[in-house]
Number of protein chains: 2
Amino acid sequence: MIDHYKEYSLAYISVDCIVFGFDNGKLKMLLGRRQINPGRGEWALYGGFVSATENLENAAERVLTSLTGLKNIFMRQVGAYGAVNRDPESRVISVAYCALINVKDYDEELRKQYGLEWVSLEEIPPLFSDHSNMVEDALVMLRRRISNEPICFSLLPELFTLTQLQNVFEAIVGKEIDKRNFRKRAKQSNVIEETNIIDKLTSKRGAVMYRYNGNETDFRL
Amino acid sequence: MIDHYKEYSLAYISVDCIVFGFDNGKLKMLLGRRQINPGRGEWALYGGFVSATENLENAAERVLTSLTGLKNIFMRQVGAYGAVNRDPESRVISVAYCALINVKDYDEELRKQYGLEWVSLEEIPPLFSDHSNMVEDALVMLRRRISNEPICFSLLPELFTLTQLQNVFEAIVGKEIDKRNFRKRAKQSNVIEETNIIDKLTSKRGAVMYRYNGNETDFRL
DNA sequence: GCAAAAGTGTTGGAGATACACCCATGA
DNA sequence: TCATGGGTGTATCTCCAACACTTTTGC
């Protein structure tokens with residue numbers, strides 16, 4: 001292979017994953033202690049280097065799968081971060097990916113094995129390097145898209161109650177929503193369908209469960 | 001400097017700039033013929049490599065300034081592109097930036113010197129590698145943001161008529177807008193202010209000119 | 001006087017907001 | 001029986017879309 005660019009400089013490429021989950025009425029994210037230098041021991045996103053034979057998305061998927069045991073995770077690129085000194089010792093360009101998972105599907109064994117913690121958004125500690133910026137940007141992206149793309153369902157089990165769905169919305173947009181108005185909107189939208197299954201776990205009366213019907217075109221909620 | 005990552009692979013980092021301008025009622029972009037291999041002679045975005053001592057944004061600014069002679073160009077990151085074979089001969093990760101400029105400020109000499117052409121969006125030829133994807137993604141981003149961020153003014157001179165502003169909107173969203181409704185919205189919005197200058201160039205009657213008042217908070221148009 | 005662009009209001013409908021009480025059941 | 005979460009309807013308002021004619025003036 002001829003190297004046409006050899007006069008230019010090279011960099012390491014990494015992916016960093018912002019993994020959001022929804023649990024106990026709160027939006028949380030996975031954080032761990034950095035295992036390698038520089039920054040060993042600091043709170044950080046989980047990431048990995050991109051190998052010579054994989055695309056950026058492949059690398060992010062690989063990292064996410066190794067971390068969670070899950071395949072086909074919902075994932076979006078947040079952006080590229082390349083400040084000269086973002087890694088104090090080498091030139092590393094990092095591409096941040098935001099993933100949404102259902103906490104219940106997550107293998108707790110793996111979580112412990114990797115030393116990861118679910119941290120509420122209000123309690124995020126200072127993070128290694130520019131990881132806090134990545135988190136901030138990912139949140140902005142989520143807020144912008146939650147009403148126009150079917151992303152909220154990635155945070156929920158296949159069957160969910162309207163109250164759960166509303167809680168996800170409230171956690172992402174960060175403010176309370178009127179219950180009657182939300183339910184009206186949800187039912188009028190043609191993106192969820194009622195099932196005849198009643199959830200009796202969270203209430204004595206029981207709540208009707210819904211599922212996403214897969215409609216992506218002109219999604220609106 | 002200790003290299004902690006030496007077991008991982010390295011890549012070249014480039015930035016590619018999608019430069020939009022508005023001229024003669026149409027949204028156009030700057031394209032050139034690729035000067036180097038691979039892909040020499042193909043239509044492509046203008047880009048450059050990121051040096052060891054500059055941030056991604058700095059590199060994009062440098063490329064844009066060298067290209068246009070302008071400083072402080074409005075610019076947003078579109079995303080990172082890193083398919084293994086996007087460059088057929090070396091591993092190159094490219095970060096795409098979208099820039100908006102006022103064509104009238106552009107130095108025609110520089111344009112010719114770099115062999116660039118203004119091409120209407122409807123007439124975009126096939127582009128080198130994944131550059132067409134970058135353009136597509138940049139357009140989606142523009143459409144999403146034009147109503148919520150003061151980006152349209154970057155495509156216009158400081159003083160502009162409501163008709164010009166409307167033309168910019170129509171070009172970006174790609175459909176016609178009702179004149180009365182648009183003007184009503186524009187005047188009710190608190191982001192533009194009337195001047196007492198009358199533009200007599202484009203109409204016999206003359207049109208009142210407006211300017212952006214700098215309001216960014218809760219921008220809405 | 002006519003072509004070309006600027007400028008101007010009203011109406012109806014859809015969707016958003018605000019708001020308070022009853023229901024079913026397990027403990 | 002009571003505490004808990006599920007479930008419901010109406011009035012108002014705001015925003016958006018549809019729609020056609022008059023004004024000014026250079027030529």
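Numbers restart at 1 for each chain; the letters A, B, ... are given by sequence-line order, proteins then strands.
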Write down the distance between [atom1] ([X]) and [atom2] ([N]), rounded to a whole number of angstrom.
X: B:Ile198; N: D:dT25; atom1: CD1; atom2: P; answer: 10 Å
X: A:Asn181; N: D:dT10; atom1: CG; atom2: C1'; answer: 11 Å
X: B:Arg220; N: D:dT14; atom1: CZ; atom2: P; answer: 16 Å
X: B:Ile177; N: D:dC16; atom1: CD1; atom2: C1'; answer: 13 Å
X: B:Leu221; N: D:dC15; atom1: CG; atom2: C1'; answer: 15 Å
X: A:Leu162; N: D:dG6; atom1: CG; atom2: C1'; answer: 10 Å
X: B:Asp199; N: D:dG26; atom1: CG; atom2: P; answer: 13 Å
X: A:Arg185; N: C:dA14; atom1: CZ; atom2: P; answer: 18 Å

Step-by-step salt bridge (Lys or Arg N to Asp or Glu O under 4.0 Å) determination, A:Glu122 to A:Lys26: CA-CA 9 Å; A:Glu122 305 94 53; A:Lys26 283 184 184 298; 3.4 Å; yes
Would you tell me if any nitrogen or oxygen in the side chain of [X] comes within less than 4.0 Å of OP1 or OP2 on [N]?
X: A:Arg183; N: D:dG7; value: yes
X: A:Lys204; N: D:dC2; value: no
X: B:Thr202; N: C:dA5; value: no
X: B:Ser203; N: C:dA6; value: no

With hydrogens left out and only the distance checked, is there a donor-acceptor pair under 3.5 Å joining [X]'s side chain and the base of [N]?
X: B:Lys184; N: C:dT10; result: yes
X: A:Arg205; N: C:dA24; result: no
X: A:Arg180; N: C:dC19; result: yes

Salt bridge or not for [X] and [Y], using N-O below 4.0 Å?
X: B:Lys187; Y: B:Glu194; value: no
X: A:Lys175; Y: A:Glu170; value: no
X: B:Glu42; Y: B:Arg33; value: no
X: B:Glu193; Y: B:Arg211; value: yes

Of A:Tyr210 and B:Lys179, the one whose closest DNA chain D nucleotide lies more 5': A:Tyr210
Touch class at under 4.0 angstrom, heavy-atom based, for A:Thr161 against every strand present: nothing
